[in-house]
Amino acid sequence: MDNIEKDEKLDMMRHSAAHVMAEAVQSMFPDAKFGIGPTIEYGFYYDFDLSRSLSPEDLPLIEAKMKEIVKSNSPFLKEMVSKEQARKLFANQPYKLELIDELPEEQVTIYKQGNFTDMCRGPHVRYTSAIKAFKLITIAGAYWRGSEKNPMLQRIYGVAFNTQKELDEYLIRQEEIKKRDHRKIGKDLDLFVFSDLIGKGLPIFTEKGSVIRRELERFVVDEEIKRGYKHVYTPDLAKVELYKTSGHYPYYKDTMYPVMKVDEDELMLRPMTCPHHYQYYASKPRSYKELPFRIAELAKQFRYEKSGELSGLLRVRSFCLADAHIICKSEQAVDEIMQALDLIEYAANVLGLNAGRRYRLSLGDRKDEKKYYKDDAAWDFAENVLRRVLIQRKANFFEAGNEAAFYGPKIDIQMKNFAGKEDTAFTVQYDFVGPKRFKLAYIDSDGKEKEPIVIHRSSIGAIERTMAFLIEHYAGAFPVWLSPVQAAIIPVSDQHLGYARKLEAELKAIGVRVMVDDRNERMNQKIREAQLQKIPYMLVVGDKESADNTVSVRLRIGEQLPVMSFEEFKKKIKQVINDRVNELKP
RNA sequence: GCCAGCGUAGCUCAGUGGUAGAGCAGCGGUUUCGUAAACCGUCGGUCAAGAGUUCGACUCUCUUCGCUGGCUCCA
């Protein structure tokens with residue numbers, strides 16, 4: 001049996017498990033109304049409309065009932081009925097009736113097992129006993145058909161596998177994911193905190209977290225300047241008029257903060273940077289010789305996110321985007337996008353964030369003139385440019401409709417986080433609208449005024465989100481250049497404090513972040529704590545070391561380096577930092 | 001924002017209709033130690049906030065705030 005066949009079989013079993021769960025729920029709630037019950041990665045869910053709210057205590061009861069049904073080994077019976085019959089059969093199932101009305105076929109498939117009948121395309125396993133290891137995981141609210149306007153149903157999520165062993169492994173894996181959660185590690189390592197008084201979704205970076213952030217920022221600013229960007233600072237707020245001119249206002253209204261009245265003006269916190277950068281470009285006439293005009297900024301942006309959407313550093317209400325806008329001729333677009341992707345890939349490699357990287361060519365929907373600016377020729381041109389770039393790079397990409405910005409298509413660089421979830425980490429967007437709205441122009445070689453295009457891009461994305469990725473990716477054991485404390489000096493006893501202080505001063509002098517653990521504690525205790533803090537180097541110094549000017553180096557991976565001279569260690573650590581080495585051992 | 005759950009000391013967590021406990025951290029000592037937790041003592045909580053029920057509420061009810069898992073949305 002090949003893998004695809006195997007997957008299909010597993011999928012069938014999960015789908016059948018959803019039906020069995022529905023039967024179990026029906027036995028407990030005879031008047032239950034049923035939504036849909038599809039399979040998902042690792043399992044299944046089913047949506048119900050019930051007379052009362054489910055509580056977590058219900059899950060074991062439902063699960064027990066399911067096990068009974070599985071044990072009873074009742075067959076799944078398939079039947080074809082006409083829509084008319086189906087309507088009668090599901091007369092008191094409003095959600096099913098809605099689905100029936102929308103089915104194009106005249107015949108409807110129904111599946112029956114035990115006392116439960118469901119409208120379903122199938123296929124299913126033959127008997128309920130084919131359902132192997134499963135577990136109900138959680139209950140959640142879910143809008144009928146995913147729309148906020150519809151009633152909210154109660155969804156039960158379950159997972160199912162062919163063997164108990166696989167199920168156990170899945171559960172263990174979930175525990176590991178929890179341990180790596182950036183919110184947990186952020187607390188353990190004291191990287192960021194929140195304050196109810198400041199507000200939700202507004203993180204405070206602690207001293208240690210700020211070290212990481214500063215290193216990231218320095219890295220990206222230096223790299224961008226090297227690559228020909230003008231790095232600037234523009235204001236965090238601006239007149240509402242600016243965003244009305246840019247055309248963002250109607251699209252972003254819901255995610256922008258309310259307007260502030262200041263004197264005669266109406267100001268607001270910026271939800272994006274582009275128009276600010278355009279104003280820099282537009283501050284004087286530009287020649288074609290100045291193009292491409294690359295403007296970069298570590299830009300704070302403010303977006304009102306619904307409270308339920310906030311999550312640690314992943315979703316915040318104020319974030320800092322490593323943002324840039326490249327104003328250029330359309331003929332330069334391919335080359336500029338190539339360079340932008342080069343930078344993004346380079347930075348991602350330095351950070352070690354490559355897991356599951358793939359590209360999404362995000363396209364608009366020509367018919368949706370509310371959501372996307374109407375200009376078919378411009379969309380065609382831009383889409384071709386982006387597609388050409390991706391093909392030329394032999395990038396692993398796929399196309400997705402209805403994902404573009406209102407002003408043009410984009411390339412999203414997708415990444416998988418530790419939990420296996422895919423997220424947009426970085427993005428490159430083609431914009432043919434901005435220049436029009438702001439009447440951006442350049443004087444071409446023929447002396448005529450022409451309209452440029454704009455490429456929006458983020459290099460290392462939103463700093464907050466990227467930090468969350470890094471925390472989870474490294475489980476807090478950051479590369480040395482990012483580590484808040486790079487070396488801990490651990491005197492064996494306080495007689496060795498003098499030597500420890502001397503090493504500390506010398507390391508500080510060459511820019512190493514070092515601390516001496518001078519507490520009245522045993523060496524073992526200090527090592528343990530340095531280890532828990534994921535400090536990359538521990539320098540244990542006692543009689544021997546102070547006598548011959550050496551250090552005993554312990555790495556946080558538990559490994560011990562052979563005794564080396566302090567000079568040698570200095571050279572080594574300096575090099576690891578400067579080269580931004582990913583792994584601990586050079 | 002919506003649905004559900006949770007909120008006890010700085011952290012991790014016990015606990016119960018009769019006005020709170022442990023370990024770690026902190027602090028004060030003792031100890032001067034060789035690669036992941038020395039020992040003794042001690043401080044610490046309007047049990048998220050407010051209102052109600054009750055003779056009595058951390059416990060039951062309601063409201064608010066915050067967090068978590070989903071839904072919707074998204075850098």
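In what follows, every chain begins at residue 1, and chains take the letters A, B, ... in the order their sequences are listed.
Taking the P atom of each, B:rA25 and B:rU12 are spaced 15 Å apart, rounded to whole Å. The C1' atoms of B:rU31 and B:rG41 are separated by 15 Å, rounded to the nearest whole Å. B:rA38 sits 24 Å from B:rC43 when the P atoms are compared, rounded to a whole Å.
When each of A:R317, A:R315, A:K200 is checked for a side-chain hydrogen bond (donor to acceptor under 3.5 Å, both in side chains) with A:E305, only A:R315 meets the rule.
A stem is defined here as three or more consecutive Watson-Crick or G-U pairs, each with both distances under 3.5 Å; for RNA chain B these stems are B:1-7 with B:65-71, B:10-13 with B:21-24, B:26-30 with B:38-42, B:48-52 with B:60-64.
Annotation: A:Y45 is in aromatic contact with A:Y157 [ring centroid separation under 6.0 Å]. Annotation: A:Y46 is not in aromatic contact with A:F44 [ring centroid separation under 6.0 Å not met]. Residues A:F302 and A:Y257 place their aromatic rings such that the two centres sit no closer than 6.0 Å. For A:Y170 and A:F161, the gap between ring centers is short of 6.0 Å.
Contact between A:G37 and A:A18 at its shortest, heavy atoms only, is O-CB, 3.6 Å. When all heavy atoms of A:S318 and A:K300 are compared, the pair lying nearest together is OG-CD, 4.5 Å.
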Using a cut-off of under 3.5 Å, enumerate the N/O to N/O pairs linking the protein to nucleotides 58-66 of chain B.
{"from": "B:rG66", "atom 1": "OP1", "to": "A:K200", "atom 2": "NZ", "distance (Å)": "3.4"}
{"from": "B:rG66", "atom 1": "OP2", "to": "A:K200", "atom 2": "NZ", "distance (Å)": "3.0"}

Give me the distances for all protein-to-nucleotides 6-14 of chain B N/O pairs that come in under 3.5 Å?
none

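Between A:H276 and A:Y243, the ring planes are tilted. Angles from 30° to 60° get that label.
Between A:S483 and A:E215 the shortest side-chain heavy-atom distance does not fall below 4.5 Å. In this structure, A:F418 and A:D181 have side chains that are not in contact, with every pair of non-hydrogen atoms separated by 4.5 Å or more.
For the atom pair CD1 of A:I185 and NZ of A:K187, the computed distance is 13.0 Å after rounding to the nearest 0.5 Å.
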Its contact letters, B for base, S for sugar-phosphate only and - for none at protein heavy atoms under 4.0 Å, make nucleotides 69-75 of chain B read BBBBBBB

List the protein contact pattern of nucleotides 25-37 of chain B with one symbol per nucleotide (5' to 3'): B for base contact, S for sugar-phosphate-only contact, - for none; contact means a heavy-atom distance under 4.0 Å.
S----BBBBBBBB

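Evaluation of the side chain to side chain donor-acceptor pair (under 3.5 Å) test over residues 340-350 of chain A, restricted to residues two or more places apart or in two chains, returns A:D342-A:R393, A:E345-A:Y359, A:E345-A:R393, A:N349-A:N354, A:N349-A:R357.
The cationic group of A:R457 lies under 6.0 Å from the six-membered ring centre of A:Y229 and within 45° of the ring axis, placing it in a cation-pi geometry.
Looking only at atom types and distance, the side chain of A:S147 has no donor-acceptor partner in the side chain of A:R145 under 3.5 Å away.
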